Asks: 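This is the structure I want to talk about, given as structure tokens.
No experiment lies behind these values; they were computed from the predicted model shown. By convention here, the first residue in the shown sequence is residue 1.
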Amino acid sequence: MAEKVRYYLEQTLPELEDLQKKNVFTKLEIASITRRRTDFEHRIHGRGANLLDFLKYAEFEMNLDLLRKKRIQRLGGNGEKGASVSTWSGQQRIFFIFERATRKFKGDISLWMQYISYARQQKARHLLNKILKNVLRLHPTKPELWVLAAECELRENANRKAARNLILRGLKFNANSKELTDAYEKLEEDVRRAVDELETKKKQETEIDETD
């Protein structure tokens, strides 16, 4: 366990050195961050590790990354100039914490929901698609996950066809799901409305051209 913890902590050194160099965090703050991370890594690698340990770790990293962004804004020209090793490392670490948590607690739907929510907030579309694919493979009989996946296709990718296919696939596993049936009907209604609006717009443009 100690070797794993040491390995993961060593991966953070370039980021911490970069943050200290930019005066985003002081030497004492860097030491405190390292102690907290060491404690969290020991917890999640221990035999008695529970989901709360992972969630507290993710929360700590989220707050730390938020603080980093605020300080960089405050530093202005003396802070971050372009992307560097510390720009995305916080986000990537949070993703990695969620990834390890979902491998250990595959059956916890609320955990998957939090992982998906964070990926959406960060606009990490490629990762979001991967997460949704994994959770649907593990939990095909959960209608709410199919609905969420379809919603992501609509909101994040503007892909109605993919959203429709997801709901139809979900209905194969959950034929009597009212939630999925309602979602399908709403989607079809939205598609019809979009088509009607497009036709109306084309008609108006044609009338304007004929008038000119």
Side-chain angles (χ1 to χ4, degrees), residues 1-75 78-139 145 152 156:
M1 180 180 75
E3 288 184 5
K4 270 190 175 181
V5 171
R6 190 180 305 113
Y7 171 78
Y8 288 131
L9 291 174
E10 285 175 354
Q11 307 307 303
T12 72
L13 291 177
E15 164 216 355
L16 293 175
E17 289 172 358
D18 190 46
L19 289 169
Q20 187 175 340
K21 182 180 178 181
K22 292 177 177 178
N23 296 317
V24 177
F25 294 121
T26 66
K27 187 175 181 178
L28 286 176
E29 288 174 323
I30 295 294
S32 175
I33 292 167
T34 300
R35 283 195 298 272
R36 292 293 304 276
R37 285 176 174 169
T38 302
D39 182 50
F40 280 122
E41 287 292 340
H42 277 293
R43 286 187 189 182
I44 66 175
H45 283 99
R47 290 184 179 180
N50 57 54
L51 178 56
L52 189 59
D53 292 326
F54 284 88
L55 294 179
K56 284 184 176 180
Y57 192 3
E59 182 182 20
F60 166 74
E61 292 292 349
M62 287 179 189
N63 289 334
L64 183 63
D65 198 45
L66 182 61
L67 178 60
R68 176 191 68 82
K69 290 175 181 176
K70 286 181 178 179
R71 288 195 175 179
I72 285 173
Q73 286 181 345
R74 195 161 62 236
L75 286 167
N78 296 321
E80 193 168 50
K81 293 182 179 179
S84 67
V85 66
S86 64
T87 304
W88 306 108
S89 54
Q91 180 197 75
Q92 294 304 313
R93 185 171 301 103
I94 295 164
F95 286 144
F96 187 45
I97 293 168
F98 274 119
E99 180 63 26
R100 287 185 284 174
T102 52
R103 285 202 300 261
K104 189 175 181 65
F105 303 97
K106 295 181 176 70
D108 195 297
I109 301 301
S110 64
L111 169 62
W112 285 100
M113 291 293 196
Q114 291 182 65
Y115 191 10
I116 291 166
S117 176
Y118 182 71
R120 292 183 76 178
Q121 289 173 14
Q122 300 302 309
K123 302 186 186 304
R125 292 182 181 178
H126 180 73
L127 178 62
L128 178 60
N129 291 337
K130 179 183 175 182
I131 299 168
L132 290 167
K133 183 179 179 180
N134 288 338
V135 74
L136 291 174
R137 176 176 53 82
L138 291 167
H139 302 285
L145 294 176
C152 288
E156 316 303 330

Asks: Which heavy atom of Val85 sits nearest to which heavy atom of Pro14, and what is that distance?
Replies: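 In this case the closest contact between Val85 and Pro14 is CG1-O, 3.5 Å.
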Asks: Test side chain to side chain contact (heavy atoms under 4.5 Å, CB included) on Gln20 and Thr26 and set out the steps.
Replies: CA-CA 6 Å; Gln20 187 175 340; Thr26 66; over 6 Å; no
Asks: Do NZ/NE/NH1/NH2 and the carboxylate oxygens of Arg37 and Glu61 come within less than 4.0 Å?
Replies: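 Salt bridge between Arg37 and Glu61, a charged N being under 4.0 Å from a carboxylate O: yes.
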Asks: Nearest 0.5 angstrom please: Ile30 CD1 to Thr12 OG1, how far?
Replies: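 One gets 9.0 Å once the value is rounded to the nearest 0.5 Å.
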Asks: If the threshold is 4.0 Å, N to carboxylate O, is there a salt bridge linking Asp65 and Arg68?
Replies: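 Between Arg68 and Asp65 there is a salt bridge, with a charged N closer than 4.0 Å to a carboxylate O.
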Asks: List the atom of Ala49, the atom of Phe105, and the distance in Å for their closest heavy-atom pair.
Replies: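 Closest approach of Ala49 to Phe105, heavy atoms only: O-CZ, 4.0 Å.
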Asks: Could you measure the distance from the CG atom of Leu128 to the OH atom of Tyr118? Nearest 0.5 Å is fine.
Replies: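 So the gap between those two atoms works out to 13.0 Å.
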Asks: With distance as the sole test, does Glu59 use its side chain to make a donor-acceptor pair with the main-chain N or O of Lys56 at under 3.5 Å?
Replies: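 Checking the backbone N and O of Lys56 against the side chain of Glu59, no donor-acceptor pair under 3.5 Å is found.
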Asks: Would you say the side-chain atoms of Glu99 and Tyr115 include a donor-acceptor pair closer than 3.5 Å?
Replies: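 Judged by distance alone, the side chains do pair up.
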Asks: Using every non-hydrogen atom in the two residues, find where Phe95 and Ala124 come nearest and quote the distance to one decimal.
Replies: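 What the structure gives for the nearest pair is CZ-CB, 3.8 Å.
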Asks: Hey, what do you get for CG (Leu67) to CE (Met62), rounding to the nearest 0.5 Å?
Replies: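 The CE atom of Met62 is 15.5 Å from CG of Leu67, to the nearest 0.5 Å.
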Asks: Which atom pair, heavy atoms only, marks the closest approach of Ser89 to Glu15?
Replies: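 Residues Ser89 and Glu15, closest heavy atoms: OG-CG, 3.0 Å.
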